[in-house]
Enquirer: 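First the structure, which I've put down as structure tokens, then a few questions once you've had a look.
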Amino acid sequence: MSAPLLQVEGLTKQFHASGGLFGRQRSMTAVREVDLTVGRGEVVGVVGESGCGKSTLARLVLRLIEPTAGRITLDGTDLTALSPAALRAERRRMSIVFQDPYSSLDPRYAIADILAEPFVVQSRPMPPDTVDEMLDAVGLPQSTAKQYPHQLSGGQRQRIGIARALALRPEFVVLDEPTASLDVSIQAQIIALLSSLRDRFGLTYLFISHDLGLVRYFCNRIVVMYLGAVCEILPNAQSSPRHPYTSALLASSFSPDPSARRDIAPLAGEIPSPFNLPAGCAFAGRCPRVTDLCRRRSPSLVADGGHAVACFNPL
Amino acid sequence: MRNAMVQAPASLIPFQFRTKAPAPHFGQNGQAMGMLDMRHRRRKAEDIADKLPLDESAARQTTLRLDDHHQVGRIRHIGEQVDVVSRLHLGLSAQTARLRTLDLLAQLRIPEPAAVAEAYPHQLSGGMKQRIVIAMALAGEPDLIIADEPTTALDVTVQAQIIQILTRLSRDRGLALLLITHDMGVVAQVCDRVAVLYAGRIAEERAVDPLFATPAHPYTTALIDCIPRDGMTPGSLHGIPGAVPTSGRYPPGCRFNPRCASAADLCRQERPLLRPLHHGGAVACHFANAEAP
């Protein structure tokens, strides 16, 4: 792995929910003590099911929301310690592509204005031809600049979202489920575009997804989350899972090959409510390898080479 | 378009359903699907629902339609919503209907059926609600279940549970299952036969094995190549250029022609008709090889 560009240590985010007029306030830990390193030029995938904290993590690493605890370092600069002005300057180096290309583009802005907005926010002059160059980079005709978001298809909008994220030539881009709301034929286009842009601009990606198949195709390293905590880090897409949850995730995704058809042995139960976390390992209630120890104590993430797993009885 | 297909099955004449047991409601020996029968049944159900002080929407969806978990009405107990189906379709009394409901919930591995029957939908998780919708679909003892993207909103581990239930039901009860989905992985795991739909028309209709092994339509080939698989080399995923045309703006000729790598003049002028393949199935492409295995 090359020199780390992004380093995250002990990152934790708690949310509080009001319990109603007379109810007790409840709190949940959306992200719990996450340590993560992303090397320059790497594509690191974060997978997990809904409610596992992957989108919260995406927003935390850019400090779009404030962490409850922990440190985020981008190329040696501690983002958590920056003043708002200094943070804004640092934001030039990082950006995000959101999941929903419908709600993440302002419907009243023409495409040219959407692509100019990052320069306005940063109070920087926009080099001439930037809009045309960005449209060209994401494979859209220059005539798109005059159009409005509602005139574009979902795939085209997501290309605009990507162009906007790259307008300031950042080094680090968070991709928060960038293809989740697109058709499969468009999803493949966008993934192909993202990898060509990565080569062209030397980008580093943190790729958030619930689709393990896609993550295994696109990412160098894979971080698996369950209920706010990292349960396994796979050093590459081919490494076989050691955490029972990762293995269950793999077994739950069906291969597009009828000859690979098999008896399904789904995980029992569902993800527990994050407001009511069980003691011990969060996965204990659904785990086929559970022991008494798992119900009493929570396993910590132990690295063996590049492969880290948080499990008392790994595979 | 897939959803429109469920809502207007009458245009689906060449597509036939076969149940493993004789299926009086859908025509004997796999004739064209008895759409009129279904409409009639539905109307009948609505008539009864009008006369009963029951949640009408619940009565409607029981007509063999399985949809996502939002189909569960909000203000009735789960139990009532499942009961109404067997009361309407099988004419059961309230008491027998409830016993049957509890039995169905137990068969779908819902923990504590009695407690769940007394619960409101907002108290249940997405996966649990989807099981309730399946219970509703089963309560009328249908021969056919139309499952419209039944797992799309669910997490993968829960999706696997629901897919297991659906396949087990179709195997054990001889139910015909029409599964509407965008997920080729689910298709490969569950289905016997597949109709690939593009812009409102069937592009190809085959048994599942040859469809994946030797797709006849360029769209099917491209669609299968869009899905990341294990061991795929990086950079081999390209997608299909262009976008699906919106309805009303279909190109003349073959609707796939602007995105097709092998489109010729003929494709831009003339609509390819669905024609049979020698080894079973059918394809709507001017240049498909009818002799393909």
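Residue numbers start from 1 in every chain, and the chains themselves are labelled A, B, ... in the order their sequence lines are given, proteins ahead of strands.
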Enquirer: Can you give me the closest heavy-atom contact between A:Ser252 and B:Val156, atom names plus distance?
Expert: CB-O, 3.6 Å
Enquirer: For A:Ser153, which atoms come within 4.5 Å of any heavy atom of chain B: side chain, backbone, both, or neither?
Expert: side chain
Enquirer: Rounded to the nearest 0.5 Å, what separates atom OH in A:Tyr217 from atom CZ in B:Arg229?
Expert: 11.0 Å
Enquirer: For B:Glu118, I'd like to know if atom CD has over 12 heavy atoms of other residues, nucleotides or ligands within 6.0 Å.
Expert: yes
Enquirer: Less than 4.5 Å to any heavy atom of chain B: does that hold for the side chain of A:Ile186, its backbone, both, or neither?
Expert: side chain
Enquirer: Which atom pair, heavy atoms only, marks the closest approach of B:Arg259 to A:Ser185?
Expert: NH2-OG, 3.1 Å
Enquirer: Atom OH of A:Tyr245 and atom OG1 of B:Thr157: how far apart are they, to the nearest 0.5 Å?
Expert: 5.5 Å
Enquirer: Contact between B:Gln189 and A:Ile264 at the side-chain level, heavy atoms closer than 4.5 Å - yes or no?
Expert: yes
Enquirer: Using side-chain heavy atoms (C-beta onward) and a distance below 4.5 Å, is A:Arg216 in contact with B:Pro228?
Expert: no
Enquirer: For atom CZ of B:Arg249, is the number of surrounding heavy atoms from other residues, nucleotides or ligands below 6.0 Å larger than 12?
Expert: no
Enquirer: To the nearest 0.5 Å, how far apart are CG in A:Asp263 and CD in B:Gln164?
Expert: 8.5 Å
Enquirer: Just give me the residue among A:Gln238, A:Arg262, A:Gln187 that pairs up with chain B most often, heavy atom to heavy atom, under 4.5 Å.
Expert: A:Arg262
Enquirer: About how many Å separate CG of A:Leu214 and CG of B:Leu237, when rounded to the nearest 0.5 Å?
Expert: 7.5 Å
